[in-house]
Amino acid sequence: MSDEQHEPRAPLPVATLDDPQLQFSAKHPRRIENLISLSFLLGMICMGGFGAAFWQNWKPWTLGATLGAGMLFLGFGVISWGKYLMPQGPFVEERHVLASTEAERDAMAGAIVERGTVVVRSRRMMLGLLGGALGVFSIVAIIPLRALGNLPKTTLTKTNWRRGSLVVDSNGRPVHRDDLQPGGLLTVFPAGYETNEQTQAVDQTVLIRPQSDNLVTEPGRDTWAPDGYVAYSKVCTHLGCPVGLYEEELKILVCPCHQSIFNVLDGAVPKFGPAPRPLPQLPLYFDGSGYLRAQDGYDQPIGPGYWERS
Amino acid sequence: MPLAIGKPRTKREAKAAQGPYGRLGSVIGELDDRLGIAKGGRTFLDKIFPDHWSFMLGEIALYSFVILMVTGVYLTLYYVPSTAEVIYHGVYAPLRGTRVTEAYASTVNLSFAVRAGLLMRQMHHWAADVFLGSIVIHMARIFFTGAFRKPRELNWTIGMTLMLLSLANGFIGYSLPDDLISGTGIRILYSIVLSIPLVGSYLAFFIFGGSYPGNEIIPRLFIIHVLVLPVILAALIGAHLFLLVRQKHTQFPGKGKTEHNVVGSPMFPTFIAKTTGFFFMVTAVLALLGGLAQINPIWQFGQYRPDKISYAVQPDWYMGWLDGVLRIMPSWEFTGFGHTIPFEVFLPAVVFPGIIFTLCFGWPAIERIFTKDTAIHHLLDRPRDRPKRTAAGAAVIALLFTCFGASATDVLANFFNVSLNVVLWTFRVLVFVVPILAGFITWKICLELQHGGTGLGQRKRAMVVSRTAAGEYVAVPADVRPGDERHEIDAVPVPTHIDLDDGSVEVGAGNTRPDADGVRRVIR
């Protein structure tokens, strides 16, 4: 690069067969070109095959295989062309220094500072007011976000289980005293709320009959599990997954998401894993016709913890 | 005047078409008249790309993104973002007559009844996994070679933002089919948002449009997935590449490579050919994966129901570290003063990734605190020459992959037939031990490698040990084997400046002059 050079700068050298990286094509004239041509031809055939598979609606794997093989051949051909028949250099290019001169930097800063202050006296105050107005706007602009959803209020603390709620399965069938054999398990809901996804999410309760006589899981819960029918909220207290695995032999409920383990006989106290609290227990009783009902709703919010939960 | 692509109609056109480069020359002439492309375009065609293989990792990400866009558009033609319930009447017999949402039904439908639908959906899913994978490996290359140093801190930040948004969009994407596994993921997301102190329940309700699950979340996630995040991603990718061209590539040290040049092959035709071929290759791999390797068979998982769950629930690989750390966290819920802070969720799912991402985003600044290095760097470090940085990176990667392993506690317990308890406690220990060990071993290896340094890119000569008649052992260098004499080729200079009469320079930033070594420097 000479200093006398003015108009268009010199072209990049064209690849010659003397270049070390082109030795292969120099030694085997046309071999590379034939290989690349063959690759493109095979690519073309595969692409045709892809078209045929698409047109005929063949099985998905034929689509993937033809498209993939076609692209593979095209890629192989184009890369070989670039690698064996094009100038590799190495060429060296100078970097420009990105930084400008001090004078240019000062000129830019000066342009920003000075141009705006020619005849203005109270620029600071006006800018302050403009900033304030934009600040108020940005706060006000948050208000529409309020429409994104309801406020939580007490939603998180409530389920649809009430005093006397009839216990039904997902098909709305009430659960009779004789329905579950010892060892049996059923997911239940309060009658009237069993088909709605929204209520299922909070009301889902796992009904287990680990034994056939009354079960006292905790002191003070003497009547909660008549004939061994015990019911716990199915919403894991860790992250809200349904606690869906019941291990009959060990009488434990396992959450498949993060492996929290709850002891069914012992008030569903977590024995293992990240769950912080027992699954709330639903107190049950049999009505006059022998159907299961809730003595009351849950005595605490179900599911994972949150700030407002006391 | 119309572009002279057709038959020449005027004398001028005819003359132009007869120039040394014929019609192409005249097209360039007409474009140059209007847009002034010749000079800059030529500079662009001459742009030099370093030849090192590790520079193509980012290309994998770029091309996966292209495939994501193409296959994604195909999917939007058939996917219905709605949780309205319908009775399934499609071609997949086992589901017929069941109550499903439109989102789920349309996803099953586009998999089975739409031509190439399954291929497109599986390519899309694989491309997302490959996209995130290549981003992470690309980022590791940038990190370990110090390519993030001045002047490239901004591009590191853009890259990190790209990774974070891609992570989010990947999670959102696999949540859209509303199948049993993805629905469980959304449920977990809801609980994680809920765990944030003070504002958690409000945030959760605003995101989900009320209490869980609501009917809003799928349409909301859809518009974020197909419009908001892709537009931001595309814009940031544009900025990422613009900065790359503006600042030019970094390069590994080697013969003829300095802080003031770039050595490699030119944009046209060599790099264009190689990278186009590479695009075909990436597409090929994704097409083969999409056609031959099943991924996310949602028809087997079934429709999401809030009270249903399947065994071995795991997210896509790039969310695995978060799931793992949620599993091994002890149950430290705080209750008091009338409030609950679920630390067993908030720490692993919000604070932990917050720390990891802050570390990653801030690394250029953090490193500068220790090195006090404010110089501009275009030559890359060898990882061994920066043992502390390399060790720190290895430790963080080891930590994240240990967490990733912990997301399979149940599968591992089953597979090795050991108790879940043992696996869990093993990971609780490993998550502290492995990063420390990995960091220490990496540091030691770096120091060892520094001592064994021969010339870069050269193979060590073999030594032949033989015993003399006197019983003495001597080591003699073996004959040169093929490959030993590997030499690096002298680079051919590309002229980059048009010098004016007074020796100053017209193009480039500011006024530069060659110094005594022939290196151009800004005139101060």
Side-chain angles (χ1 to χ4, degrees), chain A residues 1 3 9-10 12-13 20 54 57 60-61 63-65 67-68 71-72 74-75 78-79 81-82 86-98 100-101 104 148-150 152 155-156 187 197 200-201 204 239-242 244 256-259 274-276 304-310, chain B residues 48 115-116 118-119 187-188 191 194 197-198 200-201 205-206 209-213 248 260-263 265-266 269-270 273-274 276-277 280-281 283-284 287-288 290-292 306-307 309 311 313 326-327 329 331 333 338-340 342 344 410 420 491-496 499 508-510 522:
Chain A
M1 186 175 37
D3 274 341
R9 48 178 221 259
L12 272 183
F54 195 77
N57 206 7
W61 74 264
L63 291 161
L67 178 63
M71 285 290 177
L72 218 55
L74 292 191
V78 178
I79 290 175
W81 194 342
M86 284 177 179
Q88 300 287 319
F91 298 103
V92 57
E93 178 187 30
E94 289 211 30
R95 288 176 197 280
H96 337 135
V97 179
L98 285 169
S100 316
T101 58
E104 278 170 14
L148 281 175
N150 308 327
T155 334
L156 287 169
T187 300
E197 219 187 33
Q200 278 175 347
Q204 53 178 304
L239 284 164
C241 291
C257 284
H258 302 94
Q259 285 74 50
Y306 53 95
W307 175 251
E308 291 87 352
R309 189 183 198 280
S310 52
Chain B
I48 296 300
R115 239 166 244 249
L118 186 63
L119 175 73
R187 167 74 232 203
I188 292 173
S191 308
L194 210 56
L198 208 62
S201 53
F205 271 58
F206 288 163
S211 60
Y212 181 84
K248 291 200 162 80
H260 307 286
N261 66 12
V262 192
V263 176
S265 40
T270 318
K274 283 183 178 174
T276 308
F280 290 145
M281 288 295 195
T283 313
L288 290 173
L292 305 179
D307 61 326
I309 186 85
Y311 165 73
V313 197
L326 274 168
R327 288 181 185 214
M329 184 72 194
S331 51
E333 189 175 69
H339 291 289
T340 298
E344 83 284 0
D410 51 343
L420 200 55
V492 184
V494 178
T496 47
D499 294 340
V522 179

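Order of the sequence lines fixes the chain letters, A, B, ..., with proteins taken first and strands second; residue numbering starts at 1 for each chain.
Ranked by heavy-atom pairs under 4.5 Å with chain A, the first of B/Gly200, B/Ser211, B/Gly277, B/Pro197 is B/Gly277. Considering only heavy-atom pairs separated by less than 4.5 Å from chain B, the leading option among A/Pro242, A/Pro256, A/Pro304, A/Gly82 is A/Pro242. Taking chain B as the reference chain and counting heavy-atom pairs below 4.5 Å, the highest number among A/Ala201, A/Pro152, A/Pro60, A/Ala65 is found for A/Pro152. With respect to chain A, the highest number of heavy-atom pairs below 4.5 Å among B/Asp410, B/Leu194, B/Val262 belongs to B/Val262. Ranked by heavy-atom pairs shorter than 4.5 Å toward chain B, the options A/Gly244, A/Ala275, A/Cys241, A/Gly64 are led by A/Gly64. Taking chain A as the reference chain and counting heavy-atom pairs below 4.5 Å, the highest number among B/Pro213, B/Gly210, B/Pro266, B/Gly209 is found for B/Pro213.
Within the 3.5 Å criterion, the main-chain N or O of A/Pro276 finds no donor-acceptor partner in the side chain of B/Ser331. Between the side chain of A/Arg309 and the backbone N or O of B/His339 there is no donor-acceptor pair closer than 3.5 Å. Listed for the B/Thr270 side chain is a donor-acceptor partner under 3.5 Å among the backbone atoms of A/Pro87.
Using a 4.5 Å cut-off between heavy atoms, B/Leu118 contacts chain A through its side chain alone, with no backbone atom that close. Contact annotation for B/Pro306: both backbone and side-chain heavy atoms come within less than 4.5 Å of a heavy atom of chain A.
Distance check: B/Ile48 CD1 to A/Arg95 CZ gives 11.5 Å after rounding to the nearest 0.5 Å.
Shown here for A/Leu156 and B/Ser201, the closest heavy-atom pair between the two residues is CD1-CB, 3.7 Å.
Atom CH2 of A/Trp307 has more than 12 neighbouring heavy atoms from other residues, nucleotides or ligands inside a 6.0 Å radius.
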